[in-house]
Amino acid sequence: MTSPDIASSRPDDSIGAAPGAEAVGGMSEGRFASTAAVDIPVADCEGHALYSPAASLYVRRVLQARPELAALVAQASAVPPTRQWMETRLAALLQPAADAEQAIGQALRRLRAEVMCVIIERDLRGVATLGEVTGAMTDMAELAIQRALATLDADLAATFGRPVGEHSGQPQELLVVGMGKLGGRELNVSSDIDLIFLYDEDGDTQGGRRSLSNHEYFVRLGRRLINVLSEVTADGYVFRVDMRLRPNGDAGPLACSLGMLEEYLMVQGREWERYAWIKGRVVSALETPQARHGADQLARLTTPFVFRRYLDYGVIAAIRSLHRQIRSEAAKRSGGLAGHGVNQRSADIKLGRGGIREIEFMAQVFQLIRGGQDPALRVRPTLEVLRVAVERGLLPAGQAAQLADAYRFLRQLEHRLQYRDDAQTHHLPTAPDEQQAVANMMGCADWPALLERLAAVQEPVAQQFEATFSDPGESQTCEALWPGITQEDGDDAACGRLGQMGFTDCPGLLERLRASAASPRYRALPEQSRARFDHLVNRALELAGQQGDADGTIARFLDFFDAISRRASYLSLLSEYPQAMERVAHTLHASRWAATYLTRHPQLLDELLDAEALAGAPDWEAFRHRLADRMRAAQGQVEMQMDILRREHHAETFRILLQDLHGMLTVEQVADRLSDLADAMLDVTLDAVWRQLPRRHRDAPRFAVIAYGRLGGKELGYASDLDIIFLHDDDDDGAPEIYAAYARRLMTWLTSHTAAGMLFDVDTRLRPNGAAGLLVTSFDSFRRYQMRQGDNTAWVWEHQALTRARFCAGDRAIGARFEALREEVLRQPRDAATLRDEIVAMRHKVAEGHPNRTPHFDLKHDRGGMVDIEFTVQYLVLLHSAAHVGLTRNAGNIALLRMAGSLGLVDAALAQRVGDAYRTFRARQHQLRLDGQSEARVPPQAIAEQAEDVRRLWQAVFGDA
């Protein structure tokens, strides 16, 4: 079967196809020219030649055959033609007749002529936008299909009865699906319409004089619809109809059931059919429940076929291959234009270099790669896709604007080529008089001026297309060691070659490579995937050899390839984007933890493509809005929503990680960004969970999340869990039960493992009474607990934890009340000796719980480490906040130490050095975690001076305790 794009370059040989020019006569230029108001050029060509709607030979012939239309067109063209205007005109044109089919056919032909004249009049006067022209033609096509179908269906049903589903017993209707430009509401003025006829269920007709199977009924109905639309009569035709996009093309049945379509797409559906179905849309009337049900069923079948759940980079090679076929076909058809002042490569403005199809492909590639994960990209019009691509950060705004401007220009030129003689053409004319006429219609002084403008439009499009779809394999020349190196006669020769590349453990690497080559996973790869895999292994050997630790890097590379080898899309991404492969090499070399993270979440490869995004600072408010929009679009699909949250969190974490590995962020900046990300994720998750909670007693919950520990202090690490508690402030009688269910569901959303991984580890044991307490606490109860009112009160260590607590998500009013309560609790007068004894005792318990039996120094738990600093700061805050309110600020340990020093609570110089030590400890801990070490331990001599300063401060504050 011919692909839709190849088919679009065909001559007019579709079912019922015929040019309309022969069906109407000619007319003088003067009558129609008199209806023009002001000539406005549509293109920025030198000369700005005046032109007139009379340049359309088609219009002249129409008005010669129907002179009365001149006045009507002049009046109607004052405003854009609407669907309502068309329906009014159709009612006026539809004459009572014994033959309803003939009557509707004649009326539609006459209406189409009127619509065309109005469109041409407005467009060539320069007052119509491209959207107005294509929208009006689409409205005309939909109106024609719906009215003709209703007439023919009523006529058939009078004889055969109504089709009824054999399983449901419900009436069945013919679903007419518009493909291509019709489906995208981008119909050309002289375009044919690509249709597919479908119906829901098989069965038989009931209630007529004779019975037919549903299939036969809908085939008859479809044939008659085609004839009504495309048959040439004295009034011309309505639309040429092409049915070749249906399952199995010309060899397939004219109408098929949804069940047959589903089986076809699953078993035989080809890559180009995914492109075709992007724009597929039901264009027959959806006024009945059965029609709407059929349309819903169709969407359920086609959406997963077109939009894969994963990032589908395999489409790039497929589009590249399809485009080569189209370019070849276009070149053949344009071969006769050489020597006529036309560049042969650009003679076809649709299929040639820099043409309309290349712009459409550049828009479609975003849809096919990402549409499965982002429903916003499932829009149909090309210009709308470009707009969404900019919103999503997939395409620079300037590049999208250039493509959009080129698209409008080329579509306007396309229309002017078709205005001349109502012909479905995309080829530039070769006759001098035709060339001048088209140039004038485009507002250009002459043909060379138009060609110059055309070249200026097409060249940037061609360059962007070639940059997007160029084959990187043609320019990559890495040495092909794999898989041949695994078949060397002797290891010495293989090790010699590997040694030259920088590898030292050649026997170990050879063993690993041979194991990979012999693995069932590798042997089971399809031929194309294996070729890509082989290329990537060779590239990995080359890139790893350029790193400082070639052996470690290639080991991580091979682990990573094992994880992605069965995902053709990931192999395609790395093959198509060499820069992504280079960034993978840097990431795997720089950090074991990063290597593990990327291997566990290979979908993050997509983040390596946007260098601009990797360099920028996050806009958390915009992130919240974008994520919330995606969650609302997936409302009611809990699993999808949970996966969206996880993918977005993984992606944003990975961006932070990449900037970290490139030395663009300090440890403090990393922690701030990870903490801000966690806040944003909690905010969006709270809203999503509340929306799907069965028992909601208000639009927005009076519920807040309070962060403790690392999240509370904005010191979150890549693998940190979230220490959080939940508060509510709601007097409703059912509030405790509702918010308890809410919190349990929220915990499920946060901690469950899905196909996209896990969001957060969550610890809620810092709530009042710990694990034995209620999961959600009312604010008043929390206040009494913290203020030690009643028998059940907070411990000193809970007030210690409060020094690093903050509101992070949910109801801001509750958050403000919490912050006020926190300050009030911290500023309570305390006895120094009692407080010191409590904190020292707690420090001993912590030390006992984290014994270190190695000779190395534990940066966090050993005496002189981070816990000593944190406990010292907490003691100073709890003891002195009553007199110094600034200490209640959740400003971080370093800032609070400096503040204590400036207030004279401790030696200022020592506080400065201990603050620097804390920063050093955090940086060393951070680097060790990135290196994959779970325990942050270093040789004692490496931080001896800093640890001694910490111990001096402890001594000064707590004495010998």
Side-chain angles (χ1 to χ4, degrees), residues 307-312 366 369-378 388-394 569-570 573 594 597-598 600-610 612-614 616-660 670 672-692 705 711 716-722 746-762 808-810:
F307 303 108
R308 306 292 162 81
R309 294 185 63 181
Y310 51 85
L311 295 173
D312 187 8
F366 295 120
I369 289 175
R370 302 169 184 274
Q373 295 189 356
D374 189 352
L377 282 165
R378 299 175 192 174
V388 175
V390 172
E391 284 184 356
R392 291 297 192 260
L394 305 175
S569 180
Y570 297 144
L573 185 155
Y597 194 72
L598 182 58
R600 188 181 301 128
H601 306 294
Q603 70 273 13
L604 296 174
L605 286 170
D606 183 59
E607 303 304 321
L608 297 171
L609 302 181
D610 190 350
E612 183 177 335
L614 296 180
D619 181 341
W620 295 118
E621 197 58 33
F623 173 79
R624 278 180 168 88
H625 287 308
R626 184 176 72 249
L627 181 54
D629 287 345
R630 292 196 61 191
M631 294 294 283
R632 281 191 286 271
Q635 184 68 29
Q637 304 175 69
V638 171
E639 184 178 353
M640 178 182 291
Q641 288 182 310
M642 292 173 73
D643 283 347
I644 289 171
L645 290 170
R646 282 150 179 76
R647 284 194 294 264
E648 289 290 338
H649 181 256
H650 296 329
E652 206 62 46
T653 300
F654 194 58
R655 292 188 192 106
I656 297 169
L657 174 62
L658 291 173
Q659 292 186 357
D660 184 10
V670 170
D672 282 345
R673 290 192 180 183
L674 290 173
S675 301
D676 289 340
L677 173 59
D679 291 355
M681 298 304 302
L682 287 169
D683 247 345
V684 175
T685 307
L686 283 171
D687 179 68
V689 174
W690 185 255
R691 286 174 180 270
Q692 56 87 52
V705 181
L711 179 59
L716 209 62
Y718 292 115
S720 298
D721 59 4
L722 305 187
L746 177 65
M747 292 286 287
T748 298
W749 277 55
L750 294 174
T751 61
S752 295
H753 287 268
T754 74
M758 190 179 72
L759 198 54
F760 294 110
D761 274 322
V762 176
C808 70

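Residues: numbered from 1 along the sequence shown.
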Partner of Leu674 under side chain to side chain contact (heavy atoms under 4.5 Å, CB included), chosen from Leu657, Leu711, Ile656: Ile656
Student check: side-chain heavy atoms of Trp620 and Glu652 closer than 4.5 Å: yes
From Arg646 atom CZ to Gln603 atom CD, the distance as rounded to the nearest 0.5 Å: 12.0 Å
4.5 Å side-chain heavy-atom contact, Val684 and Phe623: no
Validation row: Ile644, Met631 side chains within 4.5 angstrom (heavy atoms): yes
Met681 and its side chain to side chain contact (heavy atoms under 4.5 Å, CB included) partner, picked from Leu722, Leu627, Asp676: Leu627
Rounded distance [0.5 Å steps], NE2 in His601 versus CG in Asp606: 15.0 Å
Straight-line distance of Leu645 CG to His650 NE2, nearest 0.5 Å: 10.5 Å
Sub-4.5 Å side-chain heavy-atom contact between Arg655 and Pro618: no
Min side-chain heavy-atom separation Trp690-Leu746 under 4.5 Å: no
CD/Gln692: more than 12 non-hydrogen atoms of other groups inside 6.0 Å: yes
Heavy-atom side-chain contact between Val388 and Phe366 under 4.5 Å: no
Gap separating the SG atom of Cys808 from the CG atom of Leu686, nearest 0.5 angstrom: 8.5 Å
Side chain to side chain, Arg370 and Arg392, heavy atoms closer than 4.5 Å: no
Heavy-atom check, side chain of Leu608 versus side chain of Leu658, under 4.5 Å: yes
Rounded distance [0.5 Å steps], CG in Leu604 versus CZ in Arg647: 11.0 Å
Test log, rule side chain to side chain contact (heavy atoms under 4.5 Å, CB included), inputs Leu377 and Leu394: CA-CA 11 Å; Leu377 282 165; Leu394 305 175; 4.0 Å; yes
Worked check of salt bridge (Lys or Arg N to Asp or Glu O under 4.0 Å) between Asp629 and Arg632: CA-CA 5 Å; Asp629 287 345; Arg632 281 191 286 271; 2.8 Å; yes
Residue pairs fulfilling side chain to side chain donor-acceptor pair (under 3.5 Å) with at least one residue in residues 677-686, sequence neighbours excluded: Arg624-Asp683, Asp679-Arg806
Leu682 side, atom CG; Asp687 side, atom CG - distance, nearest 0.5 Å: 12.5 Å
